[in-house]
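Here is the structure we will look at.
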Amino acid sequence: GDTISGNFTGITNLGANTVTHTHSDRTTRTFVTASTAQVAIDNFSSTTYRSAKYYVQMTSGVSYHVIELSLVHNGTTVYLSQYGEIFTGTSLGTFDASITGSTLSLFLTATNSVTTVKMIRDVINI
């Protein structure tokens, strides 16, 4: 593996796909859809984190789509903003979010049945 060295003030965990800071986390993830049905592509604890920002890249065949998503919740309702959207040809999907119990989920309804989704998620503690 790779070696990282230096002063990491405020970093409490350095994992394969997650870096945990004192007041936030950064996570990367890849998800591949199997249909055009709505599916949860990410989730996190709504009792730990108040807000999140996603940078999402989708690929389906030779079509590409990037978008930024910001969300905040009040414990029961999620408020989602989408911006910076660019795609070649047509959109590869739409997003929604909701809270069930103490889990906030980000959903994708893909335009094509097989879509590769790569994302970076930054969350900020409550």
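Note that these values count all heavy atoms, side chains included, but never hydrogens, waters or copies made by symmetry.
Among residue pairs with one or both ends in residues 74-83, those qualifying as side chain to side chain donor-acceptor pair (under 3.5 Å) are Ser70-Tyr83, Asn74-Thr76; sequence neighbours excluded. Note on residues 53-65: pairs passing salt bridge (Lys or Arg N to Asp or Glu O under 4.0 Å), not counting sequence neighbours, are Lys53-Glu68. Here side chain to side chain donor-acceptor pair (under 3.5 Å) pairs that include residues 30-42, with residues two or more places apart or in two chains, are Asp42-Tyr54, Asp42-Arg121. Listed by first and then second residue, the salt bridge (Lys or Arg N to Asp or Glu O under 4.0 Å) pairs involving residues 85-99 amount to none (not counting sequence neighbours).
Through ILVMFWY side-chain contacts below 4.5 Å, Ile124 is grouped with nothing and stands alone. Membership of an apolar cluster is not assigned to Phe107, as no side-chain contact below 4.5 Å to another ILVMFWY residue is traced.
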Ile120/Arg26 under side-chain contact (heavy atoms from CB on, under 4.5 Å): CA gap, chis, key distance, verdict: CA-CA 7 Å; Ile120 298 170; Arg26 171 168 270 195; 3.6 Å; yes
Verdict with reasoning, Met119 to Ile41, per side-chain contact (heavy atoms from CB on, under 4.5 Å): CA-CA 9 Å; Met119 68 185 94; Ile41 60 170; 3.6 Å; yes
Phe31/Thr116 under side-chain contact (heavy atoms from CB on, under 4.5 Å): CA gap, chis, key distance, verdict: CA-CA 6 Å; Phe31 186 92; Thr116 300; over 6 Å; no
side-chain contact (heavy atoms from CB on, under 4.5 Å) between Val117 and Val56, worked out: CA-CA 7 Å; Val117 182; Val56 182; 3.7 Å; yes
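Criterion: ILVMFWY side-chain heavy atoms under 4.5 Å apart, direct or through other members. Under it, Leu80 and Val66 are not part of a common hydrophobic cluster. The same ILVMFWY cluster, assembled from side-chain heavy atoms under 4.5 Å apart, contains both Ile67 and Val78.
Remark: Ser51 pairs with no residue by the side chain to side chain donor-acceptor pair (under 3.5 Å) rule, at least two apart or across chains. Thr94 is linked by a side chain to side chain donor-acceptor pair (under 3.5 Å) to nothing, counting only residues two or more places apart in sequence or in another chain. Listed by chain and number, the residues in a ring-ring contact (aromatic ring centres under 6.0 Å, His included) with His65 are Phe87 (sequence neighbours excluded). In this structure, the side chain to side chain donor-acceptor pair (under 3.5 Å) partners of Ser60, at least two apart in sequence or on a different chain, are Asn112. Shown here are the side chain to side chain donor-acceptor pair (under 3.5 Å) partners of Gln57, two or more places apart in sequence or in another chain: there are none.
One distance of note links CG of Asn43 with CG of Leu106; it measures 9.5 Å at 0.5 Å rounding. To the nearest 0.5 Å, atoms CG (Leu92) and OG1 (Thr115) are separated by 5.5 Å. Atom CG of residue Asp25 and atom CG of residue Asp122 lie 9.0 Å apart, to the nearest 0.5 angstrom. Distance check, rounded to the nearest 0.5 Å: OH of Tyr55 to CG of Leu69 gives 11.5 Å.
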Identify each donor-acceptor pair in which a side-chain atom of residues 97-105 lies under 3.5 Å from a protein atom, sequence neighbours left out, and give them as a table.
none

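Contact record, Leu71 with Phe44: CD1-CZ, 3.9 Å, taken as the closest heavy-atom pair. For the pair Leu108 and Met58, the tightest heavy-atom approach, listed with the atom from each and the gap, is CD1-SD, 3.9 Å.
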